[in-house]
Amino acid sequence: MNNDILKVCFSENDILEITKRLGKEISKDYEGKTPMLICLLKGAVPFMSDLCKQITIPMTQEFLKVSSYHGGTASSGIVNVRGDIPEVKGKDVILVEDILDTGRTLALVKKLFLDKGAKSIKICVFLDKPEGRVNDMRADYIGAICPNEFVVGYGLDYNELYRNLPYVGVLKEEVYSK
């Protein structure tokens with residue numbers, strides 16, 4: 001797997017520093033509240049796990065399976081929500097996502113939870129890739145700006161592979177252009 005990576009963008013140490021910073025920000029902003037963190041599956045699982053370890057206030061966790069990539073390197077433009085939708089009425093919700101790219105997935109999920117009566121909704125992303133945006137979606141908490149390249153690792157995948165890399169790296173073009 002490592003041989004398929006052109007370069008490392010965010011090391012394990014970078015990731016730790018990012019999750020510490022975001023955990024501190026969230027803990028401060030939600031002092032006296034109990035936010036519900038909703039992890040968007042599957043990509044955000046490693047980030048959610050590490051982020052929760054850094055949050056020092058009471059919180060709850062939920063998971064929602066969504067996808068807009070169906071193999072390949074580009075979003076299909078169609079967002080699918082599968083499975084049970086967490087009960088959010090009257091709750092302060094933080095959507096936790098691996099990468100904010102086109103913005104379609106987060107826009108749909110945010111609207112879904114607003115319609116379900118969430119008290120507030122904020123968005124926390126590990127990576128923000130503004131060049132990919134097709135709408136005006138913005139995150140409230142951003143780990144790092146992502147280069148405009150196809151990245152994998154730390155939950156991010158190519159055809160379900162590479163999620164288990166402990167870092168984020170640029171996938172060599174020859175791997176996905178076969």
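Just so it is clear, the structure is predicted and the values come from calculations on it, not from any experiment.
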Is a side-chain donor or acceptor of [X] paired with a backbone partner of [Y] at a separation under 3.5 angstrom?
X: Ser27; Y: Thr56; result: yes
X: Ser49; Y: Val45; result: no
X: Asn135; Y: Met137; result: yes
X: Arg133; Y: Asp101; result: yes

Nearest heavy atoms of [X] and [Y], plus distance in Å:
X: Ala139; Y: Leu100; result: N-CD2, 3.8 Å
X: Cys146; Y: Lys129; result: SG-CE, 3.8 Å
X: Ile145; Y: Phe10; result: O-CZ, 3.5 Å
X: Met48; Y: Val96; result: SD-CG2, 3.8 Å
X: Pro35; Y: Pro58; result: CD-O, 3.4 Å
X: Leu171; Y: Asp4; result: CD1-O, 3.5 Å

Taking [Y] as the starting point, is it possible to reach [X] by hopping between hydrophobic residues whose side chains are less than 4.5 Å apart?
X: Leu40; Y: Leu112; value: yes
X: Val81; Y: Leu106; value: yes
X: Met59; Y: Leu41; value: no
X: Phe63; Y: Ile99; value: no
X: Val8; Y: Val152; value: yes

- Message: Is it true that, when you exclude Asp84 itself, more than 12 heavy atoms of the residues, nucleotides or ligands shown sit nearer than 6.0 Å to its CG?
- Response: no

- Task: Inspect the surroundings of NZ in Lys65 and state if more than 12 heavy atoms from other residues, nucleotides or ligands are less than 6.0 Å away.
- Result: no

I want to check something: taking the side chain as every heavy atom from C-beta on, are [X] and [Y] in contact at a cut-off of under 4.5 Å?
X: Val66; Y: Leu108; answer: no
X: Leu165; Y: Asn2; answer: yes
X: Cys39; Y: Leu37; answer: no
X: Ile15; Y: Pro166; answer: no
X: Ile123; Y: Glu97; answer: no
X: Ile5; Y: Tyr167; answer: yes
X: Leu64; Y: Ile85; answer: yes
X: Leu51; Y: Ile26; answer: yes

Taking atom [atom1] of [X] and atom [atom2] of [Y], what is their separation to the nearest 0.5 Å?
X: Lys53; Y: Leu16; atom1: NZ; atom2: CG; result: 9.5 Å
X: Cys124; Y: Ile55; atom1: SG; atom2: CD1; result: 7.5 Å
X: Lys33; Y: Lys91; atom1: NZ; atom2: NZ; result: 14.5 Å
X: Asp140; Y: Lys122; atom1: CG; atom2: NZ; result: 5.5 Å
X: Glu149; Y: Glu173; atom1: CD; atom2: CD; result: 10.5 Å
X: Gln61; Y: Met36; atom1: CD; atom2: CE; result: 10.5 Å

- Quick check, are the ring centers of Tyr176 and Phe150 under 6.0 angstrom apart? yes

- Stepwise side-chain contact (heavy atoms from CB on, under 4.5 Å) check, Leu22 with Phe47: CA-CA 11 Å; Leu22 292 174; Phe47 176 49; 3.6 Å; yes

- Item | salt bridge (Lys or Arg N to Asp or Glu O under 4.0 Å) assessment of Glu25 paired with Arg21 | CA-CA 6 Å; Glu25 289 175 27; Arg21 176 178 50 83; 3.3 Å; yes

- Query: With a 4.0 Å cut-off, would you call Glu31 and Lys28 a salt bridge?
  - Reply: no

- Derivation of the side chain to side chain donor-acceptor pair (under 3.5 Å) call for Asp92 and Tyr30: CA-CA 9 Å; Asp92 293 304; Tyr30 285 86; 5.8 Å; no

- When Tyr154 is tested against each of Asp50, Asn164, Asp98, Asp14 for side chain to side chain donor-acceptor pair (under 3.5 Å), which residue passes? Asp50

